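Heads up: the structure comes next, in structure tokens.
Just so you know, these numbers use all the heavy atoms, side chains as well, and skip hydrogens, waters and symmetry mates. Below, chain A is the first sequence line, B the second, and so on; all start at residue 1. All values derive from a computational prediction rather than experimental measurement.
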Amino acid sequence: MRFSQIFGHTLKEAPSDAQAVSHQYLIRGGYIHQVAAGLFSYLPLARRVLNKIEGILHEEMAMIGAQEITMPVVLPADMWQDSGRWYTIGSEMTKFHDRKDHDMVLAMTHEEALCDLAAKYIRSHKELPQLVYHIQTKWRDDARPRAGLIRVREFKMKDSYSLDTSWEGLDKQYRAHYQSYFNIFNRCGLDVLAVKSDTGMMGGKIAHEFMYLTPIGEDTIIYCDSCGYNSNRQVAEFEKPEAVKEDLKDVEKIETPDCKTIDDLAKFLDVPESRTAKAVFMVATIQEDNETEVEKFVLAILRGDMDLNETKLANAVKAKDLRPAHEDEIKAVGAVPGYGSPVGVKGAYVVVDDLAAESTNLVGGANEAGFHLLNLNCGRDFKADLVIDIAAAEAGYKCVNCGAELKAEKAVEVGNIFKLGTRYSEAMNVTYQDENGKLQPVIMGSYGIGVGRLLSCVVEQHNDEYGIKWPISIAPFQVEIVLLHDKKGTEAQEVAESLYEDFKAAGIEVLFDDRKESPGFKFNDADLIGIPLRLTVGRRALDKGGVEFKVRGEKDNEIVPVDEAVDKIKTEIQRLEKELRDRVQKVEYKD
RNA sequence: CGGAAUGUAGCCUAGUGGCUAAGGCGCCUGCUUUGGGAGCAGGAUAUCGGAGGUUCGAGUCCUCUCAUUCCGACCA
């Protein structure tokens with residue numbers, strides 16, 4: 001490809017909207033164009049990277065026996081009604097009517113479509129197990145797209161679906177993906193960590209997330225350096241500190257103006273946050289039986305220095321869904337937001353974190369604006385319907401396994417693998433006949449990787465002050481020829497042109513900067529775009545007997561004779577490819 | 001969906017009620033130049049996000065609205 005003909009161009013300055021490094025470089029390099037919030041066009045350079053990534057995905061899927069299919073992005077609503085998600089997912093899912101006035105849906109993911117397909121094609125245990133996948137567009141009308149390609153509304157995902165007759169079979173396919181995903185990320189040059197993401201209710205349900213650690217991430221990982229424990233904060237376990245125990249003192253009501261947060265309160269009273277009680281008002285949706293759902297008002301009490309872990313709370317009250325309570329709902333039970341506690345509250349299910357229950361003489365809300373109560377004690381001053389661990393893990397707490405201090409790190413989820421079990425197959429009647437002729441639900445798994453998010457995470461990991469440094473495996477081109485024009489002769493031009501032809505003939509992906517620009521301009525663009533290998537053709541190098549070879553990101557360069565340039569580049573490509581290939585290793589599966 | 005900020009040419013910015021909206025980058029033409037974002041000369045590109053209002057006069061003040069970004073809620 002000649003640089004002069006590429007659709008799109010580079011920018012010296014990034015638009016002020018772009019804040020994440022990957023967002024800035026991808027825009028400045030002429031890779032992507034933002035159309036609206038969370039909507040991007042991919043220009044030729046980015047498309048080439050996506051093609052490379054998708055190539056790796058296809059190869060790795062083939063390695064674990066997955067067959068490629070394609071399911072539509074527009075789906076009829078009835079399958080989403082069958083799975084129940086038509087009713088449970090909010091405005092993130094886009095619904096519309098087609099010309100015949102049928103309810104339609106833009107696919108957020110393809111479990112329903114796959115189940116619909118499997119229900120029609122899977123008949124016998126002899127046809128199982130199966131593993132199918134596609135790389136297809138998803139639409140999620142996210143309330144808050146951000147950071148360029150990190151969180152978007154329309155994106156492509158590689159999603160695969162396994163179908164098995166047994167939990168052992170599912171486990172096998174699950175572990176195959178676990179390994180496969182490490183291979184994929186390693187081949188793309190991205191460092192990831194696999195963390196447990198949901199132990200959930202429903203017994204055997206297990207999920208892992210593949211996390212790229214970065215401060216711009218939205219997930220928090222809790223990990224332990226000394227024993228290797230790690231987990232998404234949502235489900236992380238930790239050892240609670242000892243409760244402070246004193247002799248019980250009498251309750252005392254005090255005026256606390258403008259103390260709506262624990263922080264305000266602790267400062268105002270000059271007590272540590274750990275001596276306060278925090279009230280969190282939630283509404284849980286609970287499935288009583290197949291037909292009926294009820295909403296339950298839940299009042300969660302924690303020690304003031306701890307955060308509520310909603311996943312733990314949802315599990316504790318067996319909630320299908322959990323949301324923050326609205327202000328009128330809070331008032332309806334007799335509580336006051338900002339000054340809340342269980343004291344005097346009626347009609348709420350009170351869940352008290354075990355540590356808060358053991359702690360004595362805490363400061364809590366009086367359920368009266370501007371007032372708190374001193375010396376609250378669980379059991380004496382208010383009753384707990386349930387005492388259980390509902391606190392979120394945080395850095396500084398102790399590891400449950402080894403007692404070392406836990407650490408926290410932000411991360412972006414670039415992939416996940418999920419043991420669905422029979423959740424969808426039962427709802428959507430995906431069954432097969434077993435050896436005895438009995439109908440059984442198929443046991444499913446689903447496995448996803450966001451392609452654009454992976455691309456942007458690679459840029460986050462591989463860049464410097466000048467631009468992107470692509471890993472060779474997914475670089476839009478393997479080598480860039482930078483021609484420096486020379487008025488005194490045509491030699492440089494001729495050498496560059498003939499090298500360009502030689503590279504193409506040798507099957508090397510080459511970008512030829514043939515533009516009539518100054519050297520500095522071209523070097524800066526080359527660094528920005530980030531092609532791994534560079535050959536500079538100009539008077540100075542020719543006088544020294546060749547062309548100048550340089551690896552992106554390395555300081556040194558060397559003169560290579562013109563007739564050895566193709567071999568040199570071939571060797572270097574192989575060297576860089578080997579580096580990435582060597583990253584691919586057997587990983588130990590961690591439950 | 002809550003809180004905040006910002007909208008001036010393709011990009012970055014100036015413009016603090018008063019003349020024809022200014023500069024840099026980029027773009028076009030010509031000449032010159034060619035090893036880390038060259039120089040000179042000429043040129044094109046803005047309904048100042050939109051609507052309404054206040055005013056003799058609005059890019060500037062007010063109201064509404066739209067969009068984008070950031071923080072939070074949310075995230076199958």
Side-chain angles (χ1 to χ4, degrees), chain A residues 8-20 23-24 27-28 30 33-39 75 80 83-94 105-113 138-148 150-153 155 157 159 197-198 207 209 216 218-219 232 234 261 280 282 308 310 321-327 412-413 416 418 420 423-424 446 448 450 453 465-467 482-489 492-493 515-528 534 536-544 547-548 550 555 557:
Chain A
H9 50 74
T10 56
L11 288 175
K12 280 188 188 168
E13 283 177 291
S16 51
D17 280 351
Q19 311 221 337
H23 191 191
Q24 293 186 352
I27 298 251
R28 284 189 53 209
H33 171 77
Q34 181 163 358
V35 176
L39 291 177
L75 297 169
W80 291 77
S83 76
R85 291 208 280 189
W86 172 265
Y87 309 102
T88 55
I89 298 175
S91 48
E92 207 181 341
M93 178 157 74
T94 295
V105 161
L106 291 179
M108 301 176 67
T109 173
H110 283 83
E111 278 81 12
E112 281 80 0
K138 315 289 179 229
W139 169 258
R140 297 176 189 182
D141 198 357
D142 198 309
R144 183 144 139 68
R146 60 178 286 277
I150 299 288
R151 187 165 154 182
V152 294
R153 295 194 291 169
F155 60 98
M157 179 187 259
D159 40 329
S197 68
D198 197 344
E209 289 168 339
I216 69 166
E218 295 187 277
D219 286 281
N232 193 308
Q234 290 170 335
T261 66
V280 185
M282 306 293 291
L308 172 67
E310 293 190 20
D321 192 33
L322 194 65
R323 62 167 172 88
H326 303 308
E327 196 161 327
V412 173
E413 180 187 345
N416 61 23
F418 215 95
L420 297 175
R423 172 175 168 194
Y424 291 92
S446 85
R453 184 178 278 187
E465 59 188 303
Y466 304 107
V482 177
L483 164 61
L484 304 182
H485 288 279
D486 180 5
K487 256 289 149 60
K488 297 181 195 91
Q493 170 100 34
R515 297 173 302 170
K516 292 186 172 38
E517 297 289 351
S518 68
F521 191 94
K522 289 186 172 186
F523 290 140
N524 278 302
D525 267 0
D527 287 346
L528 174 60
R534 188 176 91 190
T536 304
V537 183
R539 177 84 267 142
R540 189 184 290 179
L542 286 171
D543 286 346
K544 287 186 202 159
V547 293
E548 183 185 296
K550 184 175 179 302
K555 269 190 176 164
N557 52 53

Side chain of A:E92 - closest among B:rC75, B:rG37, B:rG35:
B:rC75

Does OP1 or OP2 of B:rG2 have a side-chain N or O of A:R144 closer than 4.0 Å?
no

At under 4.0 Å, does any side-chain N or O of A:S16 touch on OP1 or OP2 of B:rU13?
yes

Using a 4.5 Å cut-off on heavy atoms from C-beta on, say whether the side chain of A:F523 contacts that of A:L484.
yes

Does this structure show an ion pair linking A:R153 with A:D142, if we count only N-O contacts that are shorter than 4.0 Å?
no

Separation of B:rG37 P from A:E465 CD (nearest whole Å)
14 Å

Report which part of the nucleic acid A:E413 touches: base, sugar-phosphate, or nothing (heavy-atom distance under 4.0 Å, all strands).
nothing

Quick one: label A:A147 by what it contacts on the DNA or RNA (base, sugar-phosphate, nothing), any heavy atom closer than 4.0 Å.
sugar-phosphate

Could you tell me how far B:rG59 sits from B:rG17 if I compare only their C1' atoms? Round to whole Å.
11 Å

How many angstroms lie between atom CH2 of A:W86 and atom CD of A:E112, to the nearest 0.5 angstrom?
12.0 Å

Quick one: CD on A:Q19 to CD on A:Q24, what's the gap to the nearest 0.5 Å?
8.0 Å

Tell me, with the steps shown, if A:K550 and A:T536 meet side chain to side chain contact (heavy atoms under 4.5 Å, CB included).
CA-CA 8 Å; A:K550 184 175 179 302; A:T536 304; 6.0 Å; no

Apply salt bridge (Lys or Arg N to Asp or Glu O under 4.0 Å) to A:K138 and list each qualifying residue two or more places apart in sequence or on a separate chain.
A:D159

Using a heavy-atom cut-off of under 4.0 Å over every strand shown, decide if A:E548 touches base, sugar-phosphate, or nothing.
base

Could you work out the separation of B:rC61 and B:rG39 based on their P atoms and round it to a whole Å?
37 Å

Measure CG/A:D142 against C1'/B:rC1 and give the value in whole Å, please.
12 Å

Could you run through nucleotides 24-34 of chain B and give me one letter per nucleotide, 5' to 3': B if any protein heavy atom sits under 4.0 Å from the base, S if only the sugar-phosphate is that close, - if neither?
BSS-------B

Can you list the stems that include RNA chain B, where a stem is three or more consecutive Watson-Crick or G-U pairs with distances under 3.5 Å?
B:1-7 with B:66-72, B:10-13 with B:22-25, B:27-31 with B:39-43, B:49-53 with B:61-65

Given side chains that start at C-beta, do those of A:L483 and A:K522 come closer than 4.5 Å, heavy atoms only?
yes

Quick check for you: among B:rG36, B:rC1, B:rC11, whose closest atom lies nearest to any side-chain atom of A:D527?
B:rG36

Salt bridge (Lys or Arg N to Asp or Glu O under 4.0 Å) partners of A:E218, counting only residues at least two apart
A:R146, A:R151

If I take atom CD in residue A:Q493 and atom P in nucleotide B:rG35, what distance separates them, rounded to the nearest angstrom?
16 Å

Checking A:R539 now: which residues fulfil salt bridge (Lys or Arg N to Asp or Glu O under 4.0 Å) with it, not counting sequence neighbours?
A:D486, A:E491, A:D543

With nearest nucleotides of RNA chain B determined for A:Y466 and A:D17 from heavy-atom distances, which residue corresponds to the more 5′ nucleotide?
A:Y466

Base, sugar-phosphate alone, or nothing: which one does A:R146 contact when heavy atoms must sit under 4.0 Å apart?
sugar-phosphate

Could you measure between the two P atoms, the one in B:rC25 and the one in B:rC19, and give it in whole Å?
26 Å

Measure from the side chain of A:L528, starting at C-beta and using heavy atoms only, and say which of B:rG36, B:rG37, B:rC74 lies closest.
B:rG37

Under the salt bridge (Lys or Arg N to Asp or Glu O under 4.0 Å) test, residues paired with A:D17 that sit two or more places apart:
none

Taking only the P atom of each, what is the distance from B:rU20 to B:rG37 in whole angstrom?
41 Å

